[in-house]
Amino acid sequence: MASTNEDQAVKFPPLFSKKFNITNIKQDILKWDKDWEAAIASLTAADVHKEISYLLDDSFLTPDDLKSLHLDLRIIQEGAARSLRKILRGGRFNTIWLLLGASEQRRHILQGLEKASEAPSTLLGQDNRALCPDVTVSNFLSEGGKGFIGFLTRFLEVFDSSDPAFLPNSWWEQASDLPNSWWKQTSNDASRQRPEGTKMVFEVATIYRNKFIGGFSLAHQTSCSILRDIIHRSGGMKDVLNIVDNTGAHFAHSLAQAKTTLRDKPLVRCENCTKTSEDIGEGVRFMVCSTCKTKLKFQVHYCSQSCQKEDWPVHKKACGKKEVSKGLSGTKDDDLWQFSGGQMGPIADMMRNIPTNQDGTVDIANVGVGPCKGQRSPAAERQAGMLEADKEADYFLFTASDVPVRFVIDDPGAKMVFRINRRTIMTQTADSGLEPMAEYMLKHMSGFPGLSRDIIFKQLCAEYGNNTTRKVVEWERKSRERGVSTGTAIGSLSKDFMKVFGHTFSK
């Protein structure tokens with residue numbers, strides 16, 4: 001092997017793609033990727049290294065060849081790193097990517113994998129995928145697309161901190177210690193015997209693994225596909241760009257981060273006891289009602305025969321006749337199943353319990369306090385009682401002489417965001433909501449006759465704990481650092497909130 005120019009002329013015959021009968025990418029790219037993910041899941045590092053060693057041994061390379069390969073890798077990585085720094089600067093790309101739907105994210109990733117597999121610098125072609133168990137669509141789509149952003153970020157970190165820049169992967173690195181024992185096991189196979197020294201073979205394979213990763217990361221591959229859609233507002237990019245371009249950067253970023261907490265698939269719960277497999281423990285296998293499955297192609301799940309029997313008086317009314325379930329939280333029959341769990345969970349729980357109008361909209365006045373999941377302080381309990389009695393009031397503040405001041409927000413967007421935060425903190429469904437709510441009231445009510453920052457802080461500490469002042473002051477400081485134009489997070493989010501979700505609320 002005289003120089004790296006032979007990369008374009010020398011191509012090894014298919015190894016893993018032939019062994020696993022991988023679908024032709026030009027015929028069905030989705031099936032091609034599914035085949036590869038199954039193959040990667042079944043392979044060990046030893047399997048990969050053994051197959052490569054059949055074709056490549058130390059005699060194939062000279063020290064100069066190895067030096068040229070390292071140089072070629074660095075050139076590819078430098079190009080990828082240079083492009084990625086431009087793309088990722090400022091966070092706009094990350095926000096757009098995370099707001100994209102899963103099908104659009106998958107399309108871009110597959111285009112990148114296809115281009116990387118066809119790149120002239122890849123000696124093994126698509127078989128390089130067997131060297132890259134961390135470069136899979138499922139990994140990149142994890143957490144709503146965070147897996148892809150995390151991968152690109154790690155690539156840059158490794159490139160900036162090491163030379164050679166080999167992206168670490170414990171699975172692949174196992175192979176460096178495996179070949180010698182394998183050669184001993186196959187010493188009777190004369191046709192497959194190789195020298196003991198296989199360090200150079202592993203190093204070359206590692207170089208081509210990282211060439212493939214560099215080619216995939218290069219802006220001319222995956223990122224370029226995304227940028228084309230951004231420029232032309234094509235594919236599924238139009239709706240995403242409408243949000244990014246017509247709302248504040250902080251709102252779009254927050255919405256993108258919230259999206260990463262959405263569930264990829266609905267939960268399975270027992271229709272009777274409502275427990276999930278996580279609640280019950282490993283080994284549980286849910287049963288389904290056979291009648292509903294056969295007659296309606298509809299699944300009603302039970303964790304045991306005893307639970308199915310106990311639920312029978314309720315289920316028998318619709319069994320085999322109508323697709324009826326209890327719509328348990330997080331299940332496929334829950335309209336908000338994607339939002340159950342994570343930071344969106346409290347909001348989803350709130351929305352489930354709010355009455356809707358005939359047109360499906362929600363009256364903001366109906367976003368009440370809700371039952372507390374813990375124990376409120378006496379001051380907070382007093383606040384909750386007054387708010388439940390007066391649906392139009394958003395909060396009650398008290399003067400130094402304990403005279404109530406009715407706080408009502410006129411702006412519908414701010415009112416809705418405020419009430420979501422109010423319900424979250426007062427039901428104690430999450431340790432959030434207090435700071436933006438307090439910041440907004442301090443901004444608008446500190447100068448009201450009979451009120452001041454100190455008086456409002458004293459009340460909030462009595463309602464939510466003595467550390468309230470410290471938490472809110474720190475929140476205000478961060479708001480100033482973020483450059484919140486209106487002076488409050490709720491005020492900043494209100495217009496953006498109504499642009500995106502306003503159609504779901506009646507004023």
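Along the sequence shown, residues carry numbers from 1. None of these values were measured; they are calculated from a predicted model.
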Check: So which of Ile425, Thr424, Val417 actually passes side-chain contact (heavy atoms from CB on, under 4.5 Å) with Asn421?
Finding: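 In the set Ile425, Thr424, Val417, the residue that makes a side-chain contact (heavy atoms from CB on, under 4.5 Å) with Asn421 is Val417.
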
Notebook entry, point to check: So among Arg376, Gln383, Lys391, which one has a side-chain contact (heavy atoms from CB on, under 4.5 Å) with Val369?
Noted result: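 Single side-chain contact (heavy atoms from CB on, under 4.5 Å) partner of Val369 among Arg376, Gln383, Lys391: Arg376.
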
Next item on the list: Look at the aromatic rings of Trp97 and Phe148 and report parallel, tilted or perpendicular, splitting at 30° and 60°.
Entry: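 Geometry flag for Phe148 against Trp97: tilted rings.
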
Next item on the list: For the residue pair Tyr440 and Phe418, categorise the inter-ring angle as parallel (less than 30°), tilted (30 to 60°) or perpendicular (more than 60°).
Entry: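 Rings of Tyr440 and Phe418: tilted, as their planes differ by 30° to 60°.
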
Checklist line | Short side-chain donor-acceptor distance under 3.5 Å, Asp279 and Thr276 | finding: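 Asp279 and Thr276 do have a side-chain donor-acceptor pair below 3.5 Å.
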
[Y] and [X], any side-chain heavy atoms less than 4.5 Å apart:
X	Y	result
Met437	Leu434	yes
Tyr395	Ile409	no
Gln299	Phe286	no
Leu167	Asn210	yes
His108	Leu100	yes
Gln308	Met287	yes
Arg85	Leu156	yes
Val300	Phe298	yes

Any salt bridge linking [X] with [Y]? Criterion: basic side-chain nitrogen under 4.0 Å from a carboxylate oxygen.
X	Y	value
Lys275	Glu278	no
Arg129	Asp35	no
Arg269	Asp333	no
Glu114	Lys26	yes
Lys458	Asp454	no
Lys471	Glu474	no
Asp134	Arg154	no

Using atom types as modelled and distance alone, determine if a side-chain donor or acceptor of [X] lies under 3.5 Å from a backbone N or O of [Y].
X	Y	value
Glu439	Trp475	no
Asp334	Gly330	yes
Glu37	Val137	yes
Ser377	Glu463	yes

Check: Are Ile96 and Arg92 close enough, and set up right, to give a side chain to side chain contact (heavy atoms under 4.5 Å, CB included), and what steps lead you there?
Finding: CA-CA 6 Å; Ile96 290 173; Arg92 178 180 166 86; 3.9 Å; yes

Margin query: Test side chain to side chain contact (heavy atoms under 4.5 Å, CB included) on Tyr464 and Met426; report intermediate values, then the result.
Written below: CA-CA 9 Å; Tyr464 304 111; Met426 295 203 73; 3.6 Å; yes

Closest approach of [X] and [Y], non-hydrogen atoms and distance?
X	Y	answer
Met441	Leu397	SD-CD2, 4.0 Å
Cys270	Leu328	O-CD1, 3.4 Å
Phe396	Phe398	O-CE1, 3.7 Å
Cys132	Arg209	CA-NH1, 3.4 Å
Ile149	Phe93	CD1-CE2, 4.2 Å
Phe155	Ala81	CE2-N, 3.9 Å

Next item on the list: Please say whether more than 12 non-hydrogen atoms of neighbouring residues, nucleotides or ligands are located less than 6.0 Å from NZ in Lys332.
Entry: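 For Lys332, atom NZ is crowded (more than 12 foreign heavy atoms under 6.0 Å).
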
Notebook entry, point to check: For Asn466, does the CG atom sit with more than 12 other heavy atoms under 6.0 Å from it, leaving out its own atoms?
Noted result: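 No, CG of Asn466 has 12 or fewer neighbouring heavy atoms, counting only those of other groups under 6.0 Å.
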
Hey, what do you get for [atom1] ([X]) to [atom2] ([Y]), rounding to the nearest 0.5 Å?
X	Y	atom1	atom2	answer
Ser83	Leu152	OG	CG	11.5 Å
Leu30	Thr23	CG	OG1	10.5 Å
Leu460	Thr469	CG	OG1	7.5 Å
Trp32	Ser117	CH2	OG	4.0 Å
His444	Leu451	NE2	CG	14.0 Å
Lys321	Thr291	NZ	OG1	11.0 Å

Item checked: Residues Glu392, Arg406; criterion side chain to side chain contact (heavy atoms under 4.5 Å, CB included); working and verdict -> CA-CA 10 Å; Glu392 299 301 320; Arg406 191 168 176 265; 3.3 Å; yes

Check: For Ser446 and Ile456, what are the C-alpha separation, side-chain angles and deciding distance, and is it a side chain to side chain contact (heavy atoms under 4.5 Å, CB included)?
Finding: CA-CA 7 Å; Ser446 291; Ile456 295 174; 4.1 Å; yes

